[in-house]
Each structure stands twice: as structure tokens, then as C-alpha cells.
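Some notes on the structure that comes next.
Residue numbers run from 1 in the order of the sequence given. Order of listing sets the numbers, starting from 1, for every ligand and every atom in it.
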Amino acid sequence: MFTRNPLKGMDDVFPSDMRVIKYLTNKLKEISELYTYQEYDTPLLEPIEIYEAKTSSELVNEQSFIVEKKEGERLILRPEITPTLARMVAQKEQELKKPIRWYSIPKCYRYEQPQKGRRREFLQYNIDILGEDTLYAELEVFHIIVDILTNFGATYEQFQIFFNNRRFIDAVCEFILDIPEEKFQTVYDVLDKSDKMEEEEFEAYVREAFQNEFIVQSIYKLRDSDDLDELLKSFNDIPDTFYESQGYKELKNLENLIQNSEIDMYCSFSSGIVRGLDYYTGTVFEVFDTGKENIRAIFGGGRYDDLLSIFSDKQLSGIGFGMGMLMLELFLRTYDLIPEDIEDLDYSDVIYITTINKKVASYVFNLAQRIREQKISCLIDYRFDNLGNQLSKANDLGVNISLIIGPNEMEKNQVTVKNMISEDQKTVSFENLLEEISKMKKELKL
Ligand code: HAM
């Protein structure tokens, strides 16, 4: 016999799980569309090269599912979709109205060690705005995040958006730490790995990467700071060129924009956030649970200025984020923000048809069709005899209205309608059935 389990890191999605996913995705779609983002979809397979170009070597070399074609062509099961988004936008760049506001909820694949919040197959909500260079795009994306999480009932005490800017880190490296440009990536790597390592391991990693005490100490400051002015005060003799840099100005301006907005209390600067994907160039951010339950970021994103350059001569900057649906669910469950009964099918609105014997079978099929035509869900109990069992099943399911059909009803073209709560029942003509159902629904406050 074969195993009944799915492959490691993959999940069978049962109807009860699907209901939770739908609850989450419906809200995400609703909010995306309130901001006028349009839904799109991407192919599951792509040439590996477009992911190799600017994502991360870890993602492509260690975490990807690869399909080899006969001709030696290598295809990747999408580990994320931002490079594909860039490809699609580059394809229709001329005709698309800017800014482009799009969202998608694809299944993605990463060959990771399955652990809390991490699977090999996972759903990831993506929302991006392209062709809007000003920091208002950042502000819009942060508003979307706040709207999503507060709509689910979360408060600012439960989550924070931590933001930083890669160009700011570049400026710190160049003008304050005097690190050569080819080593900027190492600074990102070190900062990105910092929360995935034990303290001692981290120290060894930093010291190995930079054999210079000033830089090592500065990396610690960058890792830990959540106050831009304090961070800068901790360095001596910062040259003017630093304050004139695009990175510093962008970060400071974003901080000001946020301070003057309604979402100030949801956002904090954090110089330790750099993100692990190579295509980010400016603002980067990660959203964290502020409690102790979920240590890793719930989700994250950032601005990418040159991702389209692998497909086109046109430059188009984008910013957005990817959110694992599982991480969102874990976060919401931590704070009891998923309605308890969401996993069960709600039968309270379903009309349950019971029968006295088999002779009425075609009559009840016709009856059920007329009810469904009115967009009212209904089902037939096929046990036909034993009315008592049928009604008690309806009760167990939480049905409020049942129909009882026997030869008498069939002969006279009638239906007996039963209020399962008061146990009152009434026989009405077939034509008056829908009226009776809606009357009973009113009585039942459905
Ligand atoms: P990422 O940081 O690689 O960014 O993934 C974003 C989010 O996807 C993670 O924070 C997590 O919520 C979820 N995620 C990632 N890997 C897994 C996994 N193995 N299992 C479950 N959930 C996972 C990106 O993917 C960027 N493309 C996001 C983006 C969009 N940036 C700009 N636009």
C-alpha cells in the first residue's frame, strides 16, 4: 500500500482548511480592490535564468524545485513571483497605464526544511505597485498592510512594520564605515542572517567577514538600532556627503511622511532589516508579531528599481510585498483572530429535504431544483424511509428549516415546511413554498 500522506512540506487542503484559506483570501482581495489593485496570475514554471539573475543564490541553488526538460533546458517551479511580475510588466510596458497596481495569490515552491510557518508548497499573497517613484508608493503599501491586519482585528500592540532602506545602508557603508562597494553585499548577508543565528555563531560570522573592530561594532549597531537619529549620533564625524546621499534622504523623508500619517504607531525604523533578495534597491520592510510566539517575520517586501532591466531597456521601479498565507494564519491564531466556527460548513441557511418513502424521489429532485434556482442551498436526505433519523441528522447539522415530503404532499403538489427550532410545521402549496421559506427565515432571524 502507498502512504496516505502528502510529500514532505506539502499540504492536502481539506474543505475545513479551505474555508480558512477562503476567509483569509477574501479579505485580502477585498482590501486590494479597495485600493484599485487588479488580480493577475503567473505560470507555475519559468526558465530558471530569470530567477538566477536577481533573486538570491540560496533561493535558486539550494531551495528550488527544478524540472529538467529533454533539451537540457532547466525550468523552476516559481519560488516567488516578483521576477515573473517584472517579465509580464516588461512585455506590455507600453500599453499598461502607470502606476500599475496588481495583486496575486499564487502557490509557490521552495525546497526548505519544513518548520513553523515554512512549507515546501505554500500560498503567497503578493501586492505590488510599479511606475510610482515617489515615497507615496511606500506610504500606500504600508497603509495596505495596516488595513489588512487591522481588518482582521489586530492592533498596533500586536504587529509592527519595521522599515529600512538599502541605499541608506550603502551610504553608511560608503561614507561612514569606508567599506568598498564589492563588500556591501556581505553587509546585507550578515544583517539578513543575524536573526537566524545564535549570538556566538553570529559574532564568529561577522568577525570572519570583516576583520576590523570598528566595522564589527558598527554592524552590531546596525543590527540593533531602532532610532535613526540615535544611530547616527553613535558615529563620530559623519561627512556631509552622507547627509546628501539619496539613501539618507529617502529614509529620512519616509520617516517624516510616516510621522505625519495616521499609521505612525504601526511603523518603526530598524536598521537591521535588509531582506534576503538581491533585487531590492531602496526601501525594505518586514512585518513582525510584537509578541514572543512568532519570532520570524510574518512577511516582507521592498522597492526594486532595476528588476525590469533583465527584460527591457526601460526602467520601471516597483514596490510591494509577499505574505505567506500560513504565516498570516499563525499570526492571527496567536491572537484568536480567526472565527472559531470558520472550519465547519454552516448549515443554518440550508434547506434540508426529508422524505417518507422512495416513491417521492423524482418529486423531491424537482423541488430541490426549484429551490436552488432561487440561490437557496438545499440537500436531499437519500435514506427515504425513517423520517426520525433524517430529522435528527438535520438537527445535528444545525439546520433551521427542513421540508418533509410524503406521498400526500406529492399527490397534492404540496410541501410540509418545518421550523427545526420551534418544531412548528405547516403544509403549503408548491407555489407558496418560497414565500413560506422566507417567512420562516424572518421568524428565525436568518
Ligand atoms: P520573501 O521574503 O522571500 O519575499 O517571502 C515573503 C513571505 O512569503 C515570507 O515573509 C513568508 O511570509 C512567505 N514565505 C516565504 N517562504 C515560505 C515558505 N517556504 N513557506 C511558507 N511561507 C513562505 C518574496 O517572496 C518577495 N517576492 C516579496 C515581494 C513582492 N517583494 C516585492 N514584492
- Task: May I ask you to check if R166 and Y188 form a cation-pi contact, with NZ or CZ under 6.0 angstrom from the six-membered ring centre and within 45° of the axis?
- Result: yes
- Task: Kindly indicate whether a cation-pi arrangement holds for K193 with F202, taking the cut-offs as under 6.0 Å to the six-membered ring centre and within 45° of the axis.
- Result: no
- Going by the atom numbers of ligand 1, which of them fall below 4.0 Å from some non-hydrogen atom of L277? 3 (O), 4 (O), 24 (C), 26 (C)
- Note on the structure: The option among G117, G301, G322 carrying the non-hydrogen atom nearest to atom 28 (C) of ligand 1 is G322
- Task: Kindly indicate whether a cation-pi arrangement holds for K221 with F235, taking the cut-offs as under 6.0 Å to the six-membered ring centre and within 45° of the axis.
- Result: yes
- Task: Run down the list I298, D192, L328 and name the one with the heavy atom closest to atom 12 (O) of ligand 1.
- Result: I298
- Item | Side-chain touch Q124/E80, heavy atoms, less than 4.5 angstrom | yes
- Task: Within a distance under 4.0 Å of any heavy atom of N126, pick out the atoms of ligand 1 and give their elements.
- Result: 30 (C)
- Task: Do me a favour and list the nearest non-hydrogen protein atom to atom 8 (O) of ligand 1 with residue, atom name and distance?
- Result: Q124 NE2, 3.0 Å
- Message: If you measure every N or O of G324 against every N or O of ligand 1, does any of those distances drop under 3.5 Å?
- Response: yes
- Query: Strictly under 6.0 Å, is that where the ring centroids of F299 and Y125 end up?
  - Reply: no
- Identify the protein heavy atom lying closest to atom 10 (O) of ligand 1, giving its residue, its atom name and the separation to 0.1 Å. F299 CA, 3.2 Å
- Message: For atom 3 (O) of ligand 1, tell me which residue out of R110, R275, E80 has the closest non-hydrogen atom.
- Response: R110
- Do me a favour and list the nearest non-hydrogen protein atom to atom 32 (C) of ligand 1 with residue, atom name and distance? G320 O, 3.1 Å
- How close does the nearest protein non-hydrogen atom get to atom 20 (N) of ligand 1, and which residue and atom is it? R119 N, 2.9 Å
- Message: Using a 4.0 Å cut-off to any heavy atom of T82, which atoms of ligand 1 qualify?
- Response: 26 (C), 27 (N), 29 (C), 30 (C), 33 (N)
- Does I48 reach the side chain of I66, with side-chain heavy atoms less than 4.5 Å apart? yes
- Item | Aromatic F65 / basic R110 pairing, under 6.0 angstrom, 45° off normal | no
- re atom 33 (N) of ligand 1, the protein heavy-atom contact at minimum distance is D128 OD2, 2.8 Å
- Against heavy atoms of M327, which atoms of ligand 1 measure under 4.0 Å? 12 (O)
- F163 and F168: aromatic ring centres closer than 6.0 Å? no
- Task: Show the numbers, then the answer: is there a ring pair (Phe, Tyr, Trp, His ring centres under 6.0 Å) between F162 and F288?
- Result: CA-CA 8 Å; F162 290 101; F288 280 85; 5.8 Å; yes
- Message: Any nitrogen or oxygen of Y304 lying under 3.5 Å from a nitrogen or oxygen in ligand 1? Just yes or no.
- Response: no
- Message: What protein heavy atom lies closest to atom 31 (N) of ligand 1? Include the residue and the distance to one decimal.
- Response: Y280 OH, 2.7 Å
- Closest to atom 26 (C) of ligand 1 by heavy-atom distance, out of F321, F122, Y279, is Y279
- atom 9 (C) of ligand 1: which protein heavy atom is closest, and how many Å away? R118 NH2, 4.1 Å
- Message: Strictly distance-based, threshold 3.5 Å: is any side-chain N or O of K98 a donor or acceptor partner for the main-chain N or O of E93?
- Response: yes
- What are the atoms of ligand 1, with element, lying closer than 4.0 Å to any heavy atom of E112? 16 (N), 17 (C), 18 (C), 19 (N)
- Message: Tell me if the centroids of the rings in Y335 and F331 come within less than 6.0 Å of each other.
- Response: yes
